[in-house]
Amino acid sequence: SEWSATTKDQLNIFRSQKSFSAIIELKQRPYFVALNDVIVTMRMNDLKLGDVITLDRVREIGSEEFILQGNPYVHPSYFTVKAVVIEHPVSEEIVRHHWKKRGHQPVHVNRNHHTALRVCEISI
């Protein structure tokens, strides 16, 4: 899309900032991230280690002086946020005891699977 001269000027001022942070949405959950942050989210089975993904659901992106807010998301043509898959960790066992009458006490064991992503690029 073609931007007006005012929008281009404002984006150039925004680009001159040193560092950026963003509020992204991943699996319907918001995460406040900056460059090199690690995001641990629920397991994404379709991703392999080393895969680079583009995060396009950004609610807000900004620096110390400026903020670009979306309604509800910022249009993807304004920014680039990329993350690389670094790990697929598994949580410790979560043990739940169900105390019942008549001596029957089932134990439920659960392990949650996660995906760890490192934010490798945030740019305007």
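Any value given below was found using the heavy atoms of this structure, including those in side chains, with hydrogens, waters and symmetry copies removed. Treat the numbers as computed from the prediction; the structure is a model and nothing was measured.
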Report summary line: The reported gap from CZ in R96 to NE2 in H108 (rounded to nearest 0.5 angstrom) is 6.0 Å
**Report entry** 4.5 Å side-chain heavy-atom contact, E65 and Q17
**Finding:** yes
Query - Flag side-chain contact, heavy atom, 4.5 Å: N112 against I94 - result: yes
Requested in this report: Show your reasoning for whether side-chain contact (heavy atoms from CB on, under 4.5 Å) applies to L117 and I53.
Outcome: CA-CA 9 Å; L117 305 167; I53 61 170; 4.0 Å; yes
Report task. Under the side-chain contact (heavy atoms from CB on, under 4.5 Å) rule, what do E92 and R111 come out as? Steps first, then yes or no, please. Result -> CA-CA 6 Å; E92 293 183 9; R111 287 178 153 242; 5.9 Å; no
Query raised in the report: Is any side-chain heavy atom of R29 closer than 4.5 Å to a side-chain heavy atom of M42?
Result: yes
Query raised in the report: Does T54 use its side chain to pair, donor to acceptor, with the backbone of K82 at less than 3.5 Å?
Result: no
Query raised in the report: Using a distance-only test with no angle check, is there a side-chain donor-acceptor pair under 3.5 angstrom linking E121 and S123?
Result: yes
**Report entry** V81 and V58, any side-chain heavy atoms less than 4.5 Å apart
**Finding:** yes
Query raised in the report: Within the distance-only criterion (no hydrogens, no angle test), does the side chain of T41 pair as donor or acceptor with the backbone N or O of T115 below 3.5 angstrom?
Result: no
Query raised in the report: Do the side chain of R118 and the main chain of V84 share a donor and acceptor less than 3.5 angstrom apart?
Result: no
**Report entry** Close side-chain approach of H114 and V90, heavy atoms under 4.5 Å
**Finding:** no
Query raised in the report: Is a side-chain N or O of R15 found less than 3.5 angstrom from the main chain of I124, in a donor-acceptor match?
Result: yes
Query raised in the report: Closest approach of S19 and S63, non-hydrogen atoms and distance?
Result: O-CB, 3.3 Å
Query - Euclidean distance, I122 CD1 relative to L55 CG, rounded to 0.5 Å - result: 9.0 Å
**Report entry** D46 vs M44 side-chain heavy atoms within contact, under 4.5 Å
**Finding:** yes
Report task. Decide ring pair (Phe, Tyr, Trp, His ring centres under 6.0 Å) for Y78 and F14; before the verdict, give the C-alpha distance in whole Å, the side-chain angles of both, and the deciding distance to 0.1 Å. Result -> CA-CA 11 Å; Y78 289 115; F14 201 13; 9.6 Å; no
Query - Exam field: side chain D51 to backbone L47, donor-acceptor pair closer than 3.5 Å - result: no
Report task. Give a yes or no on whether the backbone of T6 and the side-chain of D9 come within a donor-acceptor separation of less than 3.5 Å. Result -> no
Requested in this report: Is it possible for you to say whether Y31 and L68 belong to one hydrophobic cluster, with membership spreading through side-chain heavy-atom contacts below 4.5 Å?
Outcome: yes
Requested in this report: Supply the atom-to-atom distance N45 CG to H88 NE2, rounded to the nearest 0.5 angstrom.
Outcome: 8.0 Å
Query raised in the report: How long is the span from the SG atom in C120 to the CD1 atom in I86, to the nearest 0.5 Å?
Result: 10.5 Å
Requested in this report: For R59 and E25, run salt bridge (Lys or Arg N to Asp or Glu O under 4.0 Å): C-alpha distance rounded to whole Å, both residues' side-chain angles, the deciding distance at 0.1 Å, then the answer.
Outcome: CA-CA 7 Å; R59 293 182 180 179; E25 192 174 287; 2.6 Å; yes
**Report entry** Rounded distance (nearest 0.5 Å) linking atom CG of N110 with atom OG of S91
**Finding:** 7.0 Å
Query raised in the report: Among V38, I61, I24, which residue meets the side chain to side chain contact (heavy atoms under 4.5 Å, CB included) test with V33?
Result: I24
